[in-house]
Amino acid sequence: MHIDPATLPPLDDMIACPHCDTLHMEDDLPDGARAYCRRCGALLLTAESRAVVWLVSLASAAVVLMVAAVSFPFLDLSLQGQHNGTSVIHAILVFGSGKAIPLAIAVALFIVVLPLVRLLALLHALAPLVRGVPPTPSARVAFALTDQLRPWAMAEIFMVGVTVALVKVAGMADVTVGPAFWAFVALVLITIFNDQIMNRFAIWKALDTGTTA
Ligand SMILES: [Zn+2]
């Protein structure tokens, strides 16, 4: 039989059965639903397993964004011809002397270190599930840490504060936001989205059984 490749759906929309290689069109599953191979009956995917793939992909992207957010210029102030650009790392180092040391430590901890630890713990816990290998013994500890750190990772509160400060400073000087600002915005949106799609019950079950199926 001749098949014109132009009439086939894009390969990205298809999923192959792990047992018999039959191709299926991938479709969004309702919550808790499962899809089986129509030829051999093998389990193809569950709504939970798709969420875990999303969580791991977005958390990986967020780690990269975090590196950009702390190292690239955050904003550039220009007043009477003088430019002053700064990155988050630079700002923390400037505060890191004298009486402002506790502030510098708090900013570094809540804005950078804890969100990063949370992302890395999530990746450590869930990456084996995506690769289809049993979770490591520390995966449960890592996922519990992700959960416990949630109220302490405050990148979104930082962004609200920065936005308020920017509005005030904008009246006095020319403010240009740098790439790090947008990296932080993307990071906050990803974090909020990830917390929304994270089904704790399904993930704990997956860590117990070693599979998202
Ligand atoms: Zn099959």
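All ligand and atom numbering here is 1-based and tracks the order in the structure. Because the structure is predicted, anything quoted here is derived from the model rather than measured.
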Atom pairs and distances, donor-acceptor, side-chain atoms in residues 103-113, under 3.5 Å, two or more places apart:
none

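- A 4.5 Å side-chain heavy-atom check between Val188 and Phe158 finds every atom pair outside the cut-off.
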Apply salt bridge (Lys or Arg N to Asp or Glu O under 4.0 Å) to Arg118 and Asp195, showing your working. CA-CA 12 Å; Arg118 216 182 149 224; Asp195 286 338; 2.9 Å; yes

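- Between Pro135 and Arg140, every side-chain heavy-atom pair lies at or beyond the 4.5 Å cut-off.
- Val88 and Ile101 end up in different hydrophobic clusters when Ile, Leu, Val, Met, Phe, Trp and Tyr side chains are linked at under 4.5 Å.
- The count of protein N, O or S atoms under 2.8 Å from the Zn ion (ligand 1) stands at 4, with waters excluded from the count.
- Without hydrogens or angle criteria, His24 side chain to Arg38 main chain gives a donor-acceptor distance under 3.5 Å.
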